[in-house]
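Lettering of chains follows the sequences in order, A, B, ..., and the numbering in each one begins at 1. From a predicted model like this one, the values you see are computed outputs, not experimental measurements.
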Protein chains: 2
Amino acid sequence: MAVPEEKNNLANLAYAALKRDITEGAFQPGDKLLMSGLKERYEIGAGPMREALSRLMAERLVTAISQRGFRVAAMSIEELKDIYFARAQLEAMITVLAVQRGGDEWEAGVIATAHTLSRVKEVQNTDEMLGVWDNRHKAFHYAIASGCGSAKLMELRETMLDQAERYRQFWLREMVFSGEALKSKQEEHRELIDVLMSGDAQAARQLMFEHMMNPIPIITRILEARGLA
Amino acid sequence: MAVPEEKNNLANLAYAALKRDITEGAFQPGDKLLMSGLKERYEIGAGPMREALSRLMAERLVTAISQRGFRVAAMSIEELKDIYFARAQLEAMITVLAVQRGGDEWEAGVIATAHTLSRVKEVQNTDEMLGVWDNRHKAFHYAIASGCGSAKLMELRETMLDQAERYRQFWLREMVFSGEALKSKQEEHRELIDVLMSGDAQAARQLMFEHMMNPIPIITRILEARGLA
DNA sequence: TTTTGTAAAAATATCTACATTTTGTAATTT
DNA sequence: AAATTACAAAATGTAGATATTTTTACAAAA
């Protein structure tokens, strides 16, 4: 899923840690990322730290202005809509390919990950369950997409997933806290599987697109409540 | 088209210079990028140089193994096919959106850039003409795609363009050296415009997909001749 | 008083030079 | 030949020097 040869060197570690801190909200959108603060937080020199920031810049999670340092990339409702739309289009396109090209083992993978997802225990320790559900949900969609047979398309998909991640976090909490919303998602997933197995690529395309667009209103509401208009 | 706030600092300059050197073939695929050599070539310290390399790594033009330095990303026929396929799918998808959403000024932009492209003077100074033709060709396709109305999709498109660039260079030379191939391309472009203006999104999709896939056999032949199988 | 301008000071970003760690190579031993 | 060791080359990291931007303090003008 991720790049494999990422061994340990300070720049890589800082990259991973900062990426997590940004997507999980430890740093807020627009926050200035002071070199001095980062050095202390990640116990690292300025050189490797800059490397990490450079990579996150290429991934659009961090912005930079020359001689004026780095910031956490801003979030906005406009960007939310654009990212989700682009992602939905991409995922729908990939889904068509997967239906057309996916063989028996693809089908098996989809069914298997769907099953695993459906078996996430109903609310106990909310935060832990949230993590488990999210991982399995991602695995399910990954299994579907992987049928497209294109490593580059899978990379593009990963790119968009990364960029959506901060917005997705909001949706995720909403989802898991509301048993009803979760039930509704599960229903969507069932329908999705039916269409995928039916082999009707265009129907699958349409349904996947809608599935991916659904979270937008929910997240918009949350962002508005937080004044991130 | 590119990121605007890229002012001058050594890392940015080295990034741009190395990127150009890689896409234009001054460094060959698989070449080891020795720190000492790079420092000398770009007159820069190791720190900023690593920053540039980090960013190119995120863009897949450079690969790295921890503690063992950097290399120019390899090229292969397999990757060529994957990149061109993914690009064609993406561009076809974007074209559908552009036809559906593009307004009068989009149409005007397409017509205008097509006209400019058609007026490139027939072979004189080959190398200069090559550059002019390429720029105008890119502008033409950019004009088409821009009708999709999604900044993120345009970004993904740019990503794929960057990754295809080294392969595209081969095709470009072949194209411009052969007046016949160039004529054929011009004919394709005319057809493309007709379909775009007709508003038939699905037909446009199909034609754009084929247009984007066409170079694959040509480039494959060149790569095979160079033993990059 | 408020605004505007200016210069010094502080904070910050950026770069280089050198130190450290790791890897690659080749000679030497088993 | 295989393993080991010693040495050279290269990558990585840190600390401090340099350059740039931001803030502050203060004064002049409105």
Report yes if at least one side-chain N or O of A:Arg68 is closer than 4.0 Å to OP1 or OP2 of D:dT20; otherwise report no.
-> no

Taking only N and O in the side chain of A:Lys32, is any of them less than 4.0 Å away from OP1 or OP2 of C:dA11?
->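 Negative; the distance criterion is not met.
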
All N/O pairs under 3.5 Å across the protein-nucleotides 15-17 of chain C interface:
| from | atom 1 | to | atom 2 | distance (Å) |
| --- | --- | --- | --- | --- |
| C:dC15 | OP1 | B:Leu10 | N | 2.5 |
| C:dT16 | OP2 | B:Gly45 | N | 2.9 |

Using side-chain contact (heavy atoms from CB on, under 4.5 Å) as the criterion, list what pairs up with [X], not counting sequence neighbours.
X	result
A:Ala181	A:Met175, A:Ser178
B:Gln169	B:Glu165, B:Leu172
A:Ser150	A:Cys148, A:Lys152, A:Leu153, B:Asp82, B:Phe85, B:Ala86
A:Ala14	A:Ile44, A:Met49, A:Ala52

In whole angstrom, give the distance that lies between atom [atom1] of [X] and atom [atom2] of [N].
X	N	atom1	atom2	answer
B:Met35	C:dC18	CE	C1'	15 Å
A:Leu38	C:dA11	CG	C1'	15 Å
A:Glu40	C:dA13	CD	C1'	18 Å
A:Met49	D:dG13	CE	C1'	14 Å
A:Lys39	D:dG16	NZ	P	10 Å
A:Leu34	D:dT23	CG	C1'	14 Å
A:Leu33	C:dA11	CG	C1'	16 Å

Tell me, please, which residues at least two apart from B:Arg41 pass side chain to side chain donor-acceptor pair (under 3.5 Å).
->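 Side chain to side chain donor-acceptor pair (under 3.5 Å) list for B:Arg41, sorted by chain: B:Asp21.
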
List for me each residue that meets side chain to side chain donor-acceptor pair (under 3.5 Å) alongside B:Arg173, sequence neighbours excluded, and say none if there are none.
-> B:Asp127

Verify the distance criterion only: is there a donor paired with an acceptor across the side chains of A:Glu59 and A:Tyr15 at less than 3.5 Å?
-> yes

Residues pairing under side chain to side chain donor-acceptor pair (under 3.5 Å) where one sits in residues 101-116 of chain B, two or more places apart or in two chains, turn out to be none

Is B:Arg60 paired with B:Asp162 through a side-chain N to carboxylate O contact shorter than 4.0 Å?
-> no

Base-pair map of DNA chain D as dot-bracket, where | denotes pairing with a different strand and pairs are Watson-Crick or G-U under 3.5 Å = ||||||||||||||||||||||||||||||

